[in-house]
Number of protein chains: 2
Amino acid sequence: MRPNKRDELVRKALQVFYRDGFHATGMDRLVVETGVSKTSMYKHFRTKEELILAVLRLRDENFRNWFVRRIEELADTPADQLLAAFDALGEWFHEDNFRGCMFIKAGAEYQDPDHPIHVQAGEHKRLLLEYFSDLCRKAGARDPDKLACQLLLLKEGAIVTAVLLHSCDLARDAKEAAQVLLQNALV
Amino acid sequence: MRPNKRDELVRKALQVFYRDGFHATGMDRLVVETGVSKTSMYKHFRTKEELILAVLRLRDENFRNWFVRRIEELADTPADQLLAAFDALGEWFHEDNFRGCMFIKAGAEYQDPDHPIHVQAGEHKRLLLEYFSDLCRKAGARDPDKLACQLLLLKEGAIVTAVLLHSCDLARDAKEAAQVLLQNALV
DNA sequence: AGCACAGTTTACCGATCTGTACACCCAAAG
DNA sequence: CTTTGGGTGTACAGATCGGTAAACTGTGCT
């Protein structure tokens, strides 16, 4: 049970779940796709749910790391970083394997608010909200928590709309809206 | 094959799919829940996919009818109606059987952009965007299509965030953001 | 050498999945 | 009354679902 073997399984499962969904992906499929035997799979993860939770943990780590790093590459001041967040989003949308937010999809497939998967998906959004709040506070916004929440709404809305409407440049529209909200909150 | 019988099946299936999801709900479950026999079910709908498409058509009709009517009850002028949309949303969020947007969930479970279910889910959002654009134009916004898109982002973001974060009053925050955007677009 | 253990193969479990074959029932038409 | 035909229930098909049993293989440690 090498720990890196487990990580490799989680990485591969992440790809498949992200592409095809949770209920639509059976364990048999993952076993074939990873090349590992079914017994080994169940040695590493006692249930499918446990595997999904591990996948979500990895996805949270990957996404937040990428998001924050990219934002800091794109801008220096907190205010500019809040806007750069939407440039980063736009880059993500244009990746050809973009399939929306895994946590929104997880919350959509496991709707019971008390289900561990649903809870963990919510935790990801809470952490993002915290990050935004922090930036808003540093930028000197009047009500940083409220502004952060509003910017989060723009981000989430842009993601789900980008999935369903493949037409317009939603990241740009979201960024311009964020600009208006930010300006309004700074005065 | 009375047509009202078919409609009754669609109505009941809508409830179950909305509560439990598409992949997680089997046809056997629907047969039990509706009391109809399996053979009859498949006489009305040749496949599960056909049933889901019928459900989405009904949902689109129900939701847009309710949404527009409620908005017109709450406000008279186009500008006020754009803001009242978020009051209507808030009422929806507080219904105890609120489970998010069925079309976002449909798009999340059927991710292939060419899949009929995904396409139909996108169509719903396109119709909502048209409705918003119309109101923005009547309200005299500078760039009505862009403003409509931004307000749609706020709406969609509020929905998915309301599903995952059960804490704050997202409809209110979204409305205040809409107010700022609207004011900015009217000057 | 001998042991421990990660990982494999193969076969299987009962449940559930979408979808179908077929005989039956009952009302309207001849 | 008999025939016709739509709607029904039963029973099933074949695949897949999540998960397990048991015996084997290979590697590293002592």
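Worth saying up front: this structure is predicted, and the values here are computed from it rather than measured. As a basis for the values below, the full set of heavy atoms in this structure was taken, side chains included, without hydrogen atoms, waters or symmetry mates. Each chain gets a letter, A, B and so on, in the order its sequence line appears, and its residues count up from 1.
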Pair A/T25, A/D20: side-chain N/O donor-acceptor within cut-off below 3.5 Å: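 No pair is found: no donor N or O on one side chain lies under 3.5 Å from an acceptor on the other.
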Round to a whole Å and report the spacing from [atom1] of [X] to [atom2] of [N].
X: A/Y42; N: D/dG19; atom1: OH; atom2: C1'; value: 5 Å
X: B/L51; N: C/dG19; atom1: CG; atom2: P; value: 10 Å
X: B/D28; N: D/dG9; atom1: CG; atom2: P; value: 14 Å
X: A/E50; N: D/dT20; atom1: CD; atom2: P; value: 11 Å
X: A/K43; N: D/dT25; atom1: NZ; atom2: C1'; value: 13 Å
X: A/F45; N: D/dG19; atom1: CZ; atom2: P; value: 13 Å
X: A/R46; N: D/dA21; atom1: CZ; atom2: C1'; value: 18 Å
X: B/R29; N: C/dA15; atom1: CZ; atom2: P; value: 17 Å

Distance under 6.0 Å and angle within 45° of ring axis: [X] vs [Y]:
X: A/R64; Y: A/Y131; value: no
X: B/K105; Y: B/Y18; value: yes
X: B/K155; Y: B/F132; value: no

Stretch residues 31-39 of chain A: residues that reach within less than 4.0 Å of DNA chain C through a heavy atom: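 When residues 31-39 of chain A is checked for heavy atoms under 4.0 Å from DNA chain C, the hits, listed by number, are A/V36, A/S37, A/T39.
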Any A/H23 side-chain N or O less than 4.0 Å from OP1/OP2 of C/dC17: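 The answer is no; no side-chain N or O of A/H23 sits under 4.0 Å from OP1 or OP2.
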Salt bridge flag under 4.0 Å for residues B/E61 and B/R57: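 Between B/R57 and B/E61 there is no salt bridge, as every charged N stays at least 4.0 Å from the carboxylate O atoms.
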Test of ring centre spacing under 6.0 Å for A/H118 and A/Y110: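 No; A/Y110 has its ring centre 6.0 Å or more from that of A/H118.
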